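Down below is the structure, laid out as structure tokens.
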Amino acid sequence: MEKVQSVRGTYDLFGDAKRKMKKVIATGESVVEKYGFEEIETPIFEFTEVFARNLGDTSDIVTKEMYCFEDKGGESLTLRPEGTAGVVRAFVANGMQQNLPVKFYYHGPMFRYERPQKGRQRQFTQFGVELLGVETPQADIEVIAMAYEFLQKLGLSGQITVEINSLGDAESRDTYREKLVAYLTQHIDELSEDSKNRLTRNPLRILDSKEDCDKTVIANAPRYADSLNENSRQFFAAVLKGLDLLDIKYRVNDRLVRGLDYYSHTVFELTTDKLGAQGTVLAGGRYNGLVAQMGGGDVAGIGWACGVERLSMLLQEDTALPRPIAVIPVGEDTQETALQIAHQLRLAGFSVEQSYSGNMKKRLMKANKVNAAQAVILGSDEVATNTATLKDLDSGEQKTVALADLIKELQA
RNA sequence: GCGGAUGUAGCUCAGUUGGUUAGAGCGCUGGUUUGUGGUACCAGAUGUCGAGAGUUCGAGUCCCUUCAUCCGCCCCA
């Protein structure tokens, strides 16, 4: 075995990094369940078309980032690059239109063949929510509020900016696209090479280009808001009003367009400046056409997903494990008693570390290393009198207690 | 996919214009007498110097290739 390293862009997760990710997911679950969301688990791979057809032929995810493979039956399959398409597919496949609204959350690995950087892996974890069957702005408000509360509970709201925009309905989007393309075509010589390409492929993306020459052109570009029709305008206003009512701070960014084709109306991103170029930590939007596109009828949808690794990298403090109780036998003839006591304490709900070898000094050192709060010391003297020495490892104080009272003492 | 930087013990890093047995701190192991840790002191182990080829009497140091990480672009969570 020569290649012991993990494949590019993948990581072994353990220790503090793993604990932080668990904390992010557990926090997300507890928040989202209060809003009535239930967990769904869909397969980690799907027929390639599920992603190819629905994310948009022009998106980079589809054109160059998917892990596609053929199985032994000759089917083209793809490791999921994002969560929404799979959940919507499951929604349609299981006929869930009968019982709207449907609220799901999920978490698990996603795969994208990209160049790795900090906060960007080829296998990464997303936690996301999907709310299907609600057309009113109330859904947008609730879903954003949920995202906001989630980051608040993680202690991150202070370093996060909420950016929001509206792409409007299909009509508004088409109107704007035409206007924008017309404008940009006049200035095509001033655009960067990348943007010249995007002009035919995905012109909206030019709006958030980081190239200076693009920025100058964009500064005078037609504004998205001016292309929104009355319906779209009212919808967006209602969403913003709701956020105001809930005291959620946001910034309207009319350059914000999302990468995937299925978005309409509200789109939003929660970003930080602490992760370099990978500042987007949670993002989502409304996707009213997606269910119909998969043959599930006219059902509205909205959702978001967050990068669990990115969020956990923002968590400052090390996540502490619960402090165990160390059970320490002294001498050979006390081992069996120690085994029994450790077992009883565990049955009583305590977290117990048995040191497996060494003299008393060694075992106390190990107790210290696992951050034990108390040590139950069992020597032949103690065993002979049915007692144990209970030592507080913070203060160093110790006392003799009867074995019968041990659990009561530890609970105090 | 494009541009740039980096790669030396478990971790963070030092290593002088190429010159003999490659270093530090932290961590780890053992000890400072037999049943008392977290502090202190003493001792010890650990590296195919990312991998491969090359130049040279001699390469951790120079050239090339490759792999990986980091930064930026693209894109995105």
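To find a chain, count down the sequence lines: A is the first, B the second, and so on, and within it residues start at 1. Nothing here was measured: the structure is a model prediction, and the numbers come from that model.
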For this session: Classify the side chain of A/Arg198 and the base of B/C75 as holding, or not holding, a donor-acceptor pair under 3.5 Å.
Result: no
Separation of atom [atom1] in [X] from atom [atom2] in [N], rounded to whole Å:
{"X": "A/Met66", "N": "B/A77", "atom1": "CE", "atom2": "P", "result": "14 Å"}
{"X": "A/Arg122", "N": "B/C75", "atom1": "CZ", "atom2": "P", "result": "18 Å"}
{"X": "A/Gln123", "N": "B/A77", "atom1": "CD", "atom2": "C1'", "result": "14 Å"}
{"X": "A/Leu207", "N": "B/C76", "atom1": "CG", "atom2": "P", "result": "13 Å"}
{"X": "A/Gln278", "N": "B/U69", "atom1": "CD", "atom2": "C1'", "result": "14 Å"}
{"X": "A/Glu309", "N": "B/C70", "atom1": "CD", "atom2": "C1'", "result": "17 Å"}
{"X": "A/Arg120", "N": "B/C74", "atom1": "CZ", "atom2": "C1'", "result": "8 Å"}
{"X": "A/Arg115", "N": "B/C71", "atom1": "CZ", "atom2": "C1'", "result": "11 Å"}

When the [atom1] atoms of [M] and [N] are compared, how many Å lie between them, rounded to an integer?
{"N": "B/C67", "M": "B/A59", "atom1": "P", "result": "26 Å"}
{"N": "B/G15", "M": "B/G1", "atom1": "C1'", "result": "37 Å"}
{"N": "B/A22", "M": "B/U36", "atom1": "C1'", "result": "41 Å"}
{"N": "B/G37", "M": "B/U29", "atom1": "P", "result": "16 Å"}
{"N": "B/G38", "M": "B/C71", "atom1": "P", "result": "39 Å"}
{"N": "B/G72", "M": "B/G25", "atom1": "C1'", "result": "33 Å"}
{"N": "B/C75", "M": "B/G19", "atom1": "P", "result": "48 Å"}

Problem set entry | Among B/A68, B/C71, B/C75, the nucleotide that comes nearest once only the side chain of A/Lys118 is considered | B/C71
Inspect the contact between [Y] and [X] and indicate whether a charged nitrogen and a carboxylate oxygen are less than 4.0 angstrom apart.
{"X": "A/Asp12", "Y": "A/Lys18", "result": "no"}
{"X": "A/Glu149", "Y": "A/Lys34", "result": "yes"}
{"X": "A/Lys399", "Y": "A/Glu409", "result": "yes"}
{"X": "A/Arg173", "Y": "A/Asp169", "result": "no"}
{"X": "A/Arg89", "Y": "A/Glu46", "result": "yes"}

For this session: Starting from the 5' end of RNA chain B, give me the residue, A/Pro116 or A/Glu269, whose nearest nucleotide shows up first.
Result: A/Pro116
Problem set entry | 5' precedence on RNA chain B between A/Lys64 and A/Gly307 (nearest-nucleotide basis) | A/Lys64
Seminar exercise, completed: The residue among A/Phe104, A/Phe150, A/Tyr106 that forms ring-ring contact (aromatic ring centres under 6.0 Å, His included) with A/Phe127 is A/Phe150
Taking OP1 and OP2 of [N], is either one under 4.0 Å from a side-chain nitrogen or oxygen of [X]?
{"X": "A/Arg258", "N": "B/A77", "result": "yes"}
{"X": "A/Gln117", "N": "B/G72", "result": "yes"}
{"X": "A/Arg205", "N": "B/C76", "result": "yes"}

Classify the nucleic acid contact of [X] as base, sugar-phosphate or nothing, counting any heavy atom under 4.0 Å across all strands shown.
{"X": "A/Gly128", "value": "nothing"}
{"X": "A/Arg310", "value": "base"}
{"X": "A/Ala283", "value": "sugar-phosphate"}
{"X": "A/Gly9", "value": "sugar-phosphate"}
{"X": "A/Arg363", "value": "nothing"}

For this session: Report yes if some heavy atom in the side chain of A/Leu290 is under 4.5 Å from a heavy atom in the side chain of A/Thr84; otherwise report no.
Result: yes
For this session: For each nucleotide in nucleotides 29-43 of chain B, reading 5' to 3', give B when a protein heavy atom comes within less than 4.0 Å of its base, S when such contact involves only the sugar-phosphate, and - otherwise.
Result: SSSB--BBBB-----
Exercise. Once you round to the nearest 0.5 Å, how far does CZ of A/Phe124 lie from CD of A/Glu114?
Worked result: 7.0 Å
Exercise. Taking both distances under 3.5 Å as the test for a Watson-Crick or G-U pair, what stems of at least three pairs does RNA chain B have?
Worked result: B:1-7 with B:67-73, B:10-13 with B:23-26, B:28-32 with B:40-44, B:50-52 with B:64-66
Exercise. Parallel, tilted or perpendicular: which describes the rings of A/Tyr105 and A/His107, with under 30° parallel and over 60° perpendicular?
Worked result: parallel
Problem set entry | Plane angle bin for A/Phe235 and A/His265 - parallel if under 30°, tilted between 30 and 60°, otherwise perpendicular | tilted
Exercise. With a cut-off of under 6.0 Å to the ring centre and 45° to the axis, is A/Arg80 in cation-pi contact with A/Phe111?
Worked result: no
